[in-house]
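For the numbers below, each heavy atom of this structure counts, side chains included, while hydrogens, waters and symmetry mates do not. Within every chain, numbering begins at 1; the chains are lettered A, B, ... in the order of the sequence lines, protein sequences first and strands thereafter. Just so you know, these numbers come straight off a predicted model, no measurement behind them.
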2 protein chains.
Amino acid sequence: MDLPLKVSEPIAPQLVAALRQAIVGLSFQPGEALSEKDIAARFGVSRQPVREAFIKLSEAGLVEIRPSRGTYVMKISVREVANARLVREAIESDIARHAARLARPPHIAMLNRLIKEQRDAANAGDYWRFNEGDEAFHRAIGEIVDCDYAWRVVESARIQTDRTRLLSLPEASPMPLLLSQHEAIVRQLEAGDPDGAERTMRRHLREILVALPQIAATHPNLFSDTILPAHTEGLVPRD
Amino acid sequence: MDLPLKVSEPIAPQLVAALRQAIVGLSFQPGEALSEKDIAARFGVSRQPVREAFIKLSEAGLVEIRPSRGTYVMKISVREVANARLVREAIESDIARHAARLARPPHIAMLNRLIKEQRDAANAGDYWRFNEGDEAFHRAIGEIVDCDYAWRVVESARIQTDRTRLLSLPEASPMPLLLSQHEAIVRQLEAGDPDGAERTMRRHLREILVALPQIAATHPNLFSDTILPAHTEGLVPRD
DNA sequence: GGCACCATACCGGTATGGTAATATTTTGGA
DNA sequence: TCCAAAATATTACCATACCGGTATGGTGCC
C-alpha cells in the first residue's frame, strides 16, 4: 500500500486514490491522526501533493483538517451515511425514472450481463465481488441517462455509504434480496415503466438503512454518532 | 475586486469566493486564461493558495486546468447546466417531499417572511435582490429537513445553473410566475401535502430549461455547446 | 501534591525556487 | 518568400524553507 506511485504521472490524484482506499478499507482507523510529513515520507514524495490530497479527502468527508493541530480520519457518522443515502435515493431513483424512458436493447443486455456476474459472485459467496458488481450495475444505469454530473455526485455519496460495507454482515443485507431487486429494476426498465423503476430503486437504496443502526452498535469506536436523522423516519423497508 | 483579502485568515478560501464571484459575474470572460502567477500578483499573495483555489474551482466546473499549459475559465455548457438542473430537481423535489412531513409552524413563518421579501423585490423590479431571495427560500426549505449534505450538493449544482442568471432576460423567467410557485410550495408544505410539494418543486425547477436555449443562442461566444441532453426531452413546462 | 508557567516539538499554511512539458517566437536554409 | 527546426517564454507541478499557532512534558512555585 505504501509505494504504488507511478512516476511521471500527477502524484496528488494517486495519493487521493490510495489514501481513500486505505480509509474506507479501514487500513487507517477512524480517529487516527495523519500528518502531512509522515504520509509524505512513507510515499517518498514532498508534503505539497500530500496536502492537496488531504484537502480533497476533507471535501469528501473522509478526513478533518484542523489547522495547526493535525489531520484526522473522520469517524463514520450514522447521520452522514443517512444523509448521503438520501441524496443517492433522490438522484438514482430519478435516474432510474429517466432510464425507463431512454433505455435501448443494448443497455438492457449490458445490465443483464452485470446481473449474471453478480449472481455468480453470490453463488460463490464472494461478498467483495458482489459489491463490485453492485457498483458497476448502478453506474451502468447512470450511463443510460448520460448525465455524468449526476454520477459524480452519486460517487461522492457512495464514499459515505460504502464506509459501512466492510462492516455489514451478509445477513443484514442478503445478496439474494439485493439481486432480486436489481432484476426487478431491469425488468421495469425494459418494460418502460418509470413509476415502477423509481419505486424499486428507492426501496433498493433504503436497504442501506436496515443494517445501519446495528452496525453502528456493533462497532461503537468507529462511529462518531448513532442517531438517525429525522428524515429517515418511516423509510426502513423491513422490520 | 482585487484586494479584499483579510490577513491572518486562510487565504485560499477567500480566493475561491472572490474568483468564483468574478467568474459567475462575468468579470472574467469564459475562455479567458488565468495564470497562477498573474492572480497571485494581483492579490498580493503567493502562488500556492492560488493554486489550491484553482483546484477547487476546477472541481466546481468553473475552470479547466490543463497541465503545463494553463488554467482557463470554462465556457458555459448547456449540457452541464441541464445536468446540474436535473440533480437539483432530483434532490430538491425529494427535500420538498420530506419537508411536507417535517415542517413546523416556525418553518412556515420563515418561508412566508422570505416570500414577502421576494415580493417586495419583485414590486421594486429589483431582479438581483429577487435572485438572492430565491436562494434564501430554497435554502430555508433544505434546513427544514436538516440534511446539510444534500444542501452542499445543491449549492454545487447552483453554481452551474446560476451562471446563466445574469444573462437571462426577465421576460424569460418572469418574477410573478416564480413567486406564485414559491407561494404554492409553502401552501403545500403547510398542508402536509408531499405529492403536491414535490410536483410543484419539479415544475418550478424546470423553468430553468425554458430560457436556456434562447440564452445560449443570444450569447454564442460564452457557450461551449448548445445542445440539450436527451434527458431533458419533454420536460419544458411551457411552450 | 497540585498548579501555573515555559521550553520544545509538531502541525498546517504560505512563500519561493527548481523542473519538465507545452506554446510561441525566432531563425536558418532552400 | 516560405517552411521547418531550434531557441525562448510560460505554464502547472513538485520540492524545500520558513512562519505563526497549538499541544505537550517538564520544572519550579505555592
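Partners of B:Phe223 by ring pair (Phe, Tyr, Trp, His ring centres under 6.0 Å), not counting sequence neighbours: none found. Every residue two or more places apart in sequence or in another chain that forms a side chain to side chain contact (heavy atoms under 4.5 Å, CB included) with A:Arg113 is listed here: A:Met110. Under the side chain to side chain contact (heavy atoms under 4.5 Å, CB included) criterion, A:Ser46 pairs with A:Gln48, A:Pro49, not counting sequence neighbours. Looking at residues two or more places apart in sequence or on another chain, you find a side chain to side chain contact (heavy atoms under 4.5 Å, CB included) between B:Ala99 and B:Ile141, B:Ile144, B:Val145, B:Leu189. For A:Glu132, there are no salt bridge (Lys or Arg N to Asp or Glu O under 4.0 Å) partners at least two apart in sequence or on another chain. With sequence neighbours excluded, the residues forming a side chain to side chain contact (heavy atoms under 4.5 Å, CB included) with A:Thr218 are A:Gln214, listed by chain and number.
Listed by first then second residue, pairs satisfying side-chain hydrogen bond (donor to acceptor under 3.5 Å, both in side chains) with a partner in residues 70-87 of chain A read A:Ser77-A:Asp225, A:Arg79-B:Asp146, A:Arg79-B:Asp148, A:Asn83-A:His231, A:Asn83-B:Asp148, A:Arg85-A:Glu89, not counting sequence neighbours.
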Under a 4.0 Å heavy-atom criterion, the protein footprint on nucleotides 10-23 of chain D, written with B, S and -, is -BSBBBB-B-BBSS
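Note that the two end axes of the helix from C:dG1-D:dC30 to C:dA30-D:dT1 enclose an angle of 20°, each drawn from 5 base pairs, rounded to 10 degrees.
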